[in-house]
Amino acid sequence: MSSRMAGAALLRHLGPRLFAAEPAVSGLTARGVMPAAARLLPARMASTAAEAAREDAGAKQPGGTEKAADGQSKKAIVSYWGIEAPKLVKEDGTEWKWPCFRPWDAYTSDTSIDVKKHHAPTTLPDKAAYLIVKSLRVPMDLFFQRRHASHALLLETVAAVPGMVGGMLLHLRSLRRFEHSGGWVRALLEEAENERMHLMTFLEVTQPLWWERALVLATQGVFFNAYFVGYLLSPKFAHRVVGYLEEEAVHSYTEYLKDLEAGIIENTPAPAIAIDYWRLPADAKLKDVVTVVRADEAHHRDVNHFASDIHYQGMKLRDTPAPLGYH
């Protein structure tokens, strides 16, 4: 009789732990003790009721699971940290559809440039930089002929490298020397981003073939490493090379405009991305796009020649304010 009473008392105490809908491990967990089975088989030991409750709670949150009309579940992708992409709109209230840049990155290009402006090489390094750039232009002209859109694609994949390399190295220099950069880190990265947007624009005009993609891969790989080493050895020489590269870019886009004006190349409507990026009129044409791109290249030409002149005069970039917002 005593054994029955003892069994009944034991069942009253252990029954809720053994047969309840939820496993009674929370009390043990609070005291720092977890059953071995729960540690080894957490999914098996978890309660299905608790799992359902978690699913219901998740469905009420932005990142939870929702039921579609066809009965299938669809999940909204939200960062684990609760960071959601902002819903951006244009000035007219329509949705902003460009993930590669934001409305505040758009601007109106200053097209009042001197197309024929040229830095005459006088010193030996300047002459070497000029000769290097001129020697690179010859094979490009022979290769692309009058295929200006394809030439622009390759040109922009290379032109976006110097600003990124120079900005990165100046950034690291500022960190290790505990000194200001004079705004040049931002100016050079801004230049690289602007060149990248040129590429995104011309991708809407033409698509590179597989061998053109291979050429870009090889060219960028060689140029990035060469410019990286060159900037470490002599920033003034590196900026002078870019200045001359931009002079050639201005010349290339001028030839592009000549063919557009002559009707050799169809003056198609401007890509939508270009209209939003440069704040062009809704009826803008390809000629308008090439015009603003050429203006950007002319500004990059002037900035890099200016940066090189600062070094030649024995000054540091950090002591001379950078032309920020100067696309």
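No hydrogens, no waters, no symmetry mates; every other heavy atom, side chains included, goes into these values. As the structure is a computational prediction, the values presented were derived from the model and not from experiment.
A side-chain hydrogen bond (donor to acceptor under 3.5 Å, both in side chains) with His119 holds for exactly one of Arg240, Glu247, His305; it is Arg240. When each of Leu170, Leu172, Leu317, Leu169 is checked for a side-chain contact (heavy atoms from CB on, under 4.5 Å) with Val185, only Leu170 meets the rule.
The pair Glu248-Lys134 meets the salt-bridge criterion, since a charged nitrogen lies less than 4.0 angstrom from a carboxylate oxygen. Taking 4.0 Å as the cut-off between side-chain N and carboxylate O, Arg294 and Glu297 do not count as a salt-bridged pair. Comment: Glu261 engages Lys287 in a salt bridge, judged by a side-chain N to carboxylate O separation of less than 4.0 angstrom.
Annotation: side chain of Phe228 is in contact with side chain of Met168 (closest heavy-atom distance under 4.5 Å). Looking at heavy atoms from C-beta onward, Glu246 lies out of side-chain contact with His299 at the 4.5 angstrom threshold. Looking at heavy atoms from C-beta onward, Trp96 lies out of side-chain contact with Val89 at the 4.5 angstrom threshold. A 4.5 Å side-chain heavy-atom check between Ser174 and His180 finds every atom pair outside the cut-off. Between Ile273 and Trp98, the closest side-chain pair of non-hydrogen atoms falls below 4.5 Å. Using a 4.5 Å heavy-atom threshold, the side chains of Trp210 and Leu215 count as separate. At least one side-chain heavy atom of Arg137 sits under 4.5 Å from a side-chain heavy atom of Ser252. In this structure, the side chains of Leu245 and Arg301 stay at 4.5 Å or more apart for every pair of heavy atoms.
When all heavy atoms of Arg177 and Arg173 are compared, the closest pair comes out as NH1-NH2, 2.6 Å. In terms of heavy-atom proximity, Leu188 sits nearest to His239 at CD2-CE1, 4.0 Å. Shown here for Phe237 and Ala128, the closest heavy-atom pair between the two residues is CE1-CB, 4.2 Å. Heavy-atom minimum distance, Tyr277 versus Asp105: CE1-O, 3.9 Å. Counting all heavy atoms, side chain and backbone alike, Pro208 lies closest to Leu203 at CD-CD2, 3.8 Å. Taking each heavy atom of Lys285 and Asp288 in turn, the nearest pair found is N-OD2, 2.8 Å.
Hydrophobic cluster membership for Ile113: Val115, Val250 (Ile, Leu, Val, Met, Phe, Trp, Tyr linked by side-chain heavy atoms under 4.5 Å, directly or transitively).
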side-chain contact (heavy atoms from CB on, under 4.5 Å) between Arg196 and Met164, intermediate numbers included: CA-CA 10 Å; Arg196 189 185 67 84; Met164 181 61 66; over 6 Å; no
Could you please spell out the steps behind the side-chain contact (heavy atoms from CB on, under 4.5 Å) verdict for Phe306 and Ile310? CA-CA 6 Å; Phe306 174 56; Ile310 292 173; 3.7 Å; yes
Go through the steps for Trp184 and His171 under the test ring-ring contact (aromatic ring centres under 6.0 Å, His included), then give the verdict. CA-CA 9 Å; Trp184 280 96; His171 174 74; over 10 Å; no
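With hydrogens and angles disregarded, no donor-acceptor distance shorter than 3.5 Å links the side chain of Asn267 to the backbone of Gly263. With hydrogens and angles disregarded, a donor-acceptor distance shorter than 3.5 Å links the side chain of Glu212 to the backbone of Leu209.
The distance from atom OH of Tyr256 to atom NE2 of His151, rounded to the nearest 0.5 Å, is 12.0 Å. Interatomic distance, OG1 of Thr157 versus CG of Leu155, reported as 7.5 Å (0.5 Å rounding). Ile264 CD1 to Glu255 CD: the interatomic distance, rounded to the nearest 0.5 Å, is 10.0 Å. To the nearest 0.5 Å, atoms CD (Gln220) and CZ (Phe223) are separated by 10.0 Å. To the nearest 0.5 Å, atoms CG (Leu257) and OG1 (Thr291) are separated by 4.5 Å. Separating the CG atom in Asp114 from the CG atom in Asp302 is a distance of 8.5 Å, to the nearest 0.5 Å.
With no hydrogens or angles considered, a side-chain donor-acceptor pair links Asn304 and Glu191 at under 3.5 Å. With hydrogens and angles left out, the side-chain atoms of Arg147 and Thr206 include no donor and acceptor closer than 3.5 Å. With 3.5 Å as the limit, one finds no donor-acceptor pair spanning the side chains of Asp296 and Tyr253.
Val222 and Val165 are members of different hydrophobic clusters when ILVMFWY side chains are connected at heavy-atom separations under 4.5 Å. Note on Trp104 and Trp278: same hydrophobic cluster, where clusters join Ile, Leu, Val, Met, Phe, Trp and Tyr whose side-chain heavy atoms are under 4.5 Å apart, directly or indirectly. If you chain together hydrophobic residues whose side chains sit under 4.5 Å apart, Val138 and Leu131 never meet in one group. Trp211 and Leu217 are assigned to two separate hydrophobic clusters, defined by single-linkage of ILVMFWY side chains at heavy-atom distances under 4.5 Å. Follow the hydrophobic side-chain contacts under 4.5 Å out from Val241 and you reach Leu232 in the same cluster.
Ser135 pairs by the side chain to side chain donor-acceptor pair (under 3.5 Å) definition with nothing, not counting sequence neighbours.
Ring centers of His148 and Phe202: at least 6.0 Å apart, outside the cut-off.
Residue Arg186 qualifies as open at atom CZ: its count of foreign heavy atoms under 6.0 Å is 12 or below.
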